[in-house]
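Reading through the structure tokens given below for one structure.
When reading the values below, keep in mind they use all heavy atoms of this one structure, side chains included, and skip hydrogens, waters and symmetry mates. Keep in mind it's a predicted model, so treat the numbers as computed, not measured. Atoms within a ligand are numbered from 1 in the order they appear, just like the ligands themselves.
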Amino acid sequence: MPPVFRFAPSPNGYLHLGHAYSALLNFERARESGGRFLLRIEDIDPTRCRPDYEQAIYEDLAWLGIAWEQPVRRQSQHIAEYQAALQRLQAMGLVYPSFESRAEIARLVAQRDADGAWPRDPDGAPLYPGAATTLSVVRRAELMAAGAPYALRLDMASATARAGRLTWDESGAGPSGVTGTVEARPEAWGDVILARKETPTSYHLSVVVDDALQGVTEVVRGQDLFHATSVHRLLQALLDLPAPAYRHHQLIRDAEGHKLSKSTQATGLRTLRATGVSPAEIRHRIGLV
Ligand code: GLU
């Protein structure tokens, strides 16, 4: 079976040099290995994703000389599949609803911090500090029936106990230079959100469902997603999905060493193209010759 690669941008802004690097790396590795290259549009968040950004993704990638298989999988069209996966986790008793607002969570975190530093996840966000696991079944049903906003969370302690020790095969270099067999540490993320009332799935859930469904064997993506792989391995194990091999590549940074942002014009592919920069110059700028 040929290896299967994918590039999976979210249409919530214009692509920048970092996306060009990731997309070209995937595309070229697929070509060199006689593999397949897929493009996936990760548009589960209707408040941030826009059709014109999606259109721009197609234009910018084609301009770079990248070709992908059709049809393109657009996550917004597959919500039922993510819900089916969520229901399997629910049936295992691994999911619970929490009802605190963002403000309430911030208040609880401040309280926990005052008692001693409350743990942060690998992205620097505080772990879920609430006590929603202790709500009675009746109370949960009442709040849901009253239309209260909620987040469905993974009960991390039960999930990791069920899945046992997990590793992944890393051929890139993680933030601390680790490569080879990497030990997954999903507990570092606490009770992650798998779905919300208004968005019935999440990045973590849709990405593992899709990678499996599309037969992705090689995940090549930025180092900023290195630690998220721990959660992905856990969900794959719980849902009996195969584990792809991972390669987390270095991030392209601006002159000050900051991560690129979709909102910065200067490093946006469209802006560069409009100012006469060629695809060959883009490759040169990101260190691909
Ligand atoms: N959609 C994610 C992003 O734009 C990438 C997901 C992935 O490669 O796993 O950052």
Extract all donor-acceptor atom pairs below 3.5 Å that involve side chains of residues 187-194 and protein atoms in other chains or at least two apart in sequence.
from	atom 1	to	atom 2	distance (Å)
Trp189	NE1	His227	O	3.1
Asp191	OD1	Met156	N	3.0
Asp191	OD2	Tyr96	OH	2.5

### Message
Surrounding CZ of Arg185 (heavy atoms of other residues, nucleotides or ligands, distance under 6.0 Å), is the total greater than 12?
### Response
no

Side-chain H-bond candidate by donor/acceptor type, [X] with [Y], under 3.5 Å:
X      : Y      : value
Tyr82  : Asp210 : yes
Thr264 : His16  : no
Thr229 : Arg221 : yes

## Note on the structure
Sorted by chain and residue number, the residues having a heavy atom closer than 4.0 Å to an atom of ligand 1 are Arg6, Ala8, Pro9, Ser10, Glu42, Tyr203, Val207, Arg221, Leu225

### Message
Could you go through Asp113 and Arg120, starting from their C-alpha distance and side-chain angles, then the distance that decides it, and tell me whether this counts as salt bridge (Lys or Arg N to Asp or Glu O under 4.0 Å)?
### Response
CA-CA 11 Å; Asp113 277 341; Arg120 264 49 179 179; 3.0 Å; yes

